[in-house]
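Each residue takes its place number in the sequence, starting with 1. Quantities reported herein were computed from a predicted structural model and do not represent experimental measurements.
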Amino acid sequence: MKQLVIMPGGFHPFHAGHYALYQSAQEAFPGADIKVAATNDTSQRPFPFKIKEKLAQLAGVKSSNFYQVKSPFRAEEITKNYNPQDTQLIFVRSEKDAAKPPQAGGIKKDGNPAYLQPLAGQDVLYPMNQHAYMTYLPTVEFGPGMTSATEIRTAWPTLNDKRKTALVMSLYPKTQTNLKLAATVVKMLNTAIGEQLNEFLPALGAALGGRLAASTELGTLGTLGMRVAGHEIGSDIEDQLNNNTDYIEEKWSQKYKSSINCASPRGFSQRAHCAGRKK
């Protein structure tokens, strides 16, 4: 029986943590078709589908595996391409989202099990004309200890230009060898998180079509060991992260700074402050 694995999400924006989850799904379900389901809904979040698709491609997901859907947890635009009688449907989410709806399990009014069931503990998997399943894979940290798109959107306005570039290079490894592309993504995120996106679509699309073949191994922002245009920038980025904390501290009182517990910092800004203090 075939397996169709769908990774649903908001992806505002799609980032390295999402790609790590995508890779984990490939490892957990070898031989399965792994698809990503995203909407074009911008009523509450800033990223339309076209931008999500471009950023997912930058992160490493093939565009043929990234689908626009009306409802990520129905994903009929994907499931319609499969025989419901011989395909098992599995939804994959990050462990950090385990408490968020929809929840798998439960009983319908007629006493039968609900359509969506937890994958864990199942001895027999039924085709998707009878059930779909939900499973959770480990949450991966990226950049400076981030785990979610919300943290990116929250931290972004506090970053200076160098840190924005460093973060972009962490989120999208292919920008490490294409500084023009990195600058385009920075501008796009500036606009997406603050205003509008559309003016940067052509530039990003052109860059994606041109120099996406290059690939560089990626570490976290604090320990990057990569070269851009022949220049070693790992130490430069580490210096930016550890030393250039003025942008987040200029409005902090000395009393507040002294009150920060660096053994357990809260949020990106405090982690950056503590890294600078240790330095």
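With rounding to the nearest 0.5 Å, the separation of CE in Met7 from OH in Tyr22 is 9.0 Å. Taken to the nearest 0.5 Å, the CD1 atom of Ile51 stands 6.5 Å off from the CG atom of Leu55. Here the straight-line distance linking atom NZ of Lys62 with atom NZ of Lys35 works out to 9.5 Å at 0.5 Å rounding. Here CD of Gln57 is found 7.0 Å from CD of Glu53. Values are rounded to the nearest 0.5 Å. Between the CE atom of Met188 and the CD1 atom of Ile193 there is a distance of 9.0 Å, given to the nearest 0.5 Å. Annotation: the span from Tyr126 atom OH to Gln85 atom CD amounts to 15.5 Å, rounded to 0.5 Å.
A 4.5 Å side-chain heavy-atom check between Leu58 and Leu181 finds at least one atom pair inside the cut-off. A 4.5 Å side-chain heavy-atom check between Glu76 and Thr79 finds at least one atom pair inside the cut-off. Between Gln3 and Ile90 there is a side-chain heavy-atom pair separated by less than 4.5 Å. The shortest distance between side-chain heavy atoms of Val92 and Leu137 falls below 4.5 Å. At least one side-chain heavy atom of Lys52 sits under 4.5 Å from a side-chain heavy atom of His12. At a threshold of 4.5 Å between non-hydrogen side-chain atoms, the residues Thr39 and Pro72 count as touching. Put simply, the side chain of Gln117 reaches to within 4.5 Å of the side chain of Pro113, judged on heavy atoms. Put simply, the side chain of Asn83 reaches to within 4.5 Å of the side chain of Asp86, judged on heavy atoms.
Closest of all the heavy-atom pairs between Gly60 and Lys174 is CA-NZ, 4.1 Å. For the pair Pro13 and Arg153, the tightest heavy-atom approach, listed with the atom from each and the gap, is CD-CG, 4.4 Å. Across every non-hydrogen atom of Val168 and Ala182, the tightest pair is CG1-O, 4.0 Å. Closest approach of Gln88 and Met1 over heavy atoms only: CG-SD, 3.4 Å. Gln103 approaches Tyr136 most closely through the heavy-atom pair NE2-OH, 4.5 Å. Closest non-hydrogen pair, Phe11 versus Ala38, comes out as CD1-CB, 3.7 Å.
Although no hydrogens or angles enter the test, the distance criterion places a donor-acceptor pair under 3.5 Å between the side chain of Thr175 and the main chain of Tyr172. Here the side chain of Tyr133 pairs no donor or acceptor atom with the backbone of Met128 at under 3.5 angstrom. Here the side chain of Ser94 pairs no donor or acceptor atom with the backbone of Asp97 at under 3.5 angstrom.
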- Would you please test Leu125 and Leu119 for side-chain contact (heavy atoms from CB on, under 4.5 Å) and show each step? CA-CA 8 Å; Leu125 297 186; Leu119 181 64; 3.6 Å; yes
- Message: Working note: Leu4 + Ile6, criterion side-chain contact (heavy atoms from CB on, under 4.5 Å); need CA distance, chi angles, decisive distance, verdict.
- Response: CA-CA 6 Å; Leu4 169 62; Ile6 296 178; 4.0 Å; yes
- Task: Please assess Lys100 against Arg93 for the test side-chain contact (heavy atoms from CB on, under 4.5 Å), listing each intermediate value before the final yes or no.
- Result: CA-CA 10 Å; Lys100 295 181 180 179; Arg93 305 183 78 183; 3.8 Å; yes
- Apply the test side-chain contact (heavy atoms from CB on, under 4.5 Å) to residues Met169 and Leu179: give CA-CA distance (whole Å), side-chain angles for both, the deciding distance (0.1 Å), then the verdict. CA-CA 9 Å; Met169 288 181 174; Leu179 297 180; 3.3 Å; yes
- Message: What verdict does the side chain to side chain donor-acceptor pair (under 3.5 Å) test give for Lys164 and Asn190, after you've listed the backbone C-alpha separation in whole Å, the side-chain angles of each residue and the deciding distance to 0.1 Å?
- Response: CA-CA 9 Å; Lys164 286 177 178 178; Asn190 279 340; 2.8 Å; yes
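Counting heavy-atom neighbours within 6.0 Å of Lys108 NZ, excluding the residue itself, gives a total above 12. Under a cut-off of 6.0 angstrom, the local environment of CG in Asp161 is sparse, with at most 12 non-hydrogen atoms contributed by other residues, nucleotides or ligands. Counted within 6.0 Å of NZ on Lys70, heavy atoms from surrounding residues, nucleotides or ligands total 12 or fewer; the atom is thus considered open.
When only modelled atom types and interatomic distance are considered, Thr147 and Thr139 share no side-chain donor-acceptor pair under 3.5 Å.
Cluster annotation: Ile78 is not connected to Ile34 through the hydrophobic network of ILVMFWY side chains, with a link wherever side-chain heavy atoms come within less than 4.5 Å. By the criterion of side-chain heavy atoms lying less than 4.5 angstrom apart, applied directly or through intervening Ile, Leu, Val, Met, Phe, Trp or Tyr residues, Leu189 is grouped together with Tyr19 in one hydrophobic cluster. Cluster membership for Leu89 and Met134, using ILVMFWY side-chain heavy atoms within less than 4.5 angstrom, is shared.
Sorted by first and then second residue, the ring-ring contact (aromatic ring centres under 6.0 Å, His included) pairs involving residues 49-94 (not counting sequence neighbours) are Phe14-Phe66, Phe49-Phe66, Phe73-Phe91.
In this structure, His18 and His15 have parallel ring planes: the angle between them is below the 30° cut-off, well short of the 60° mark.
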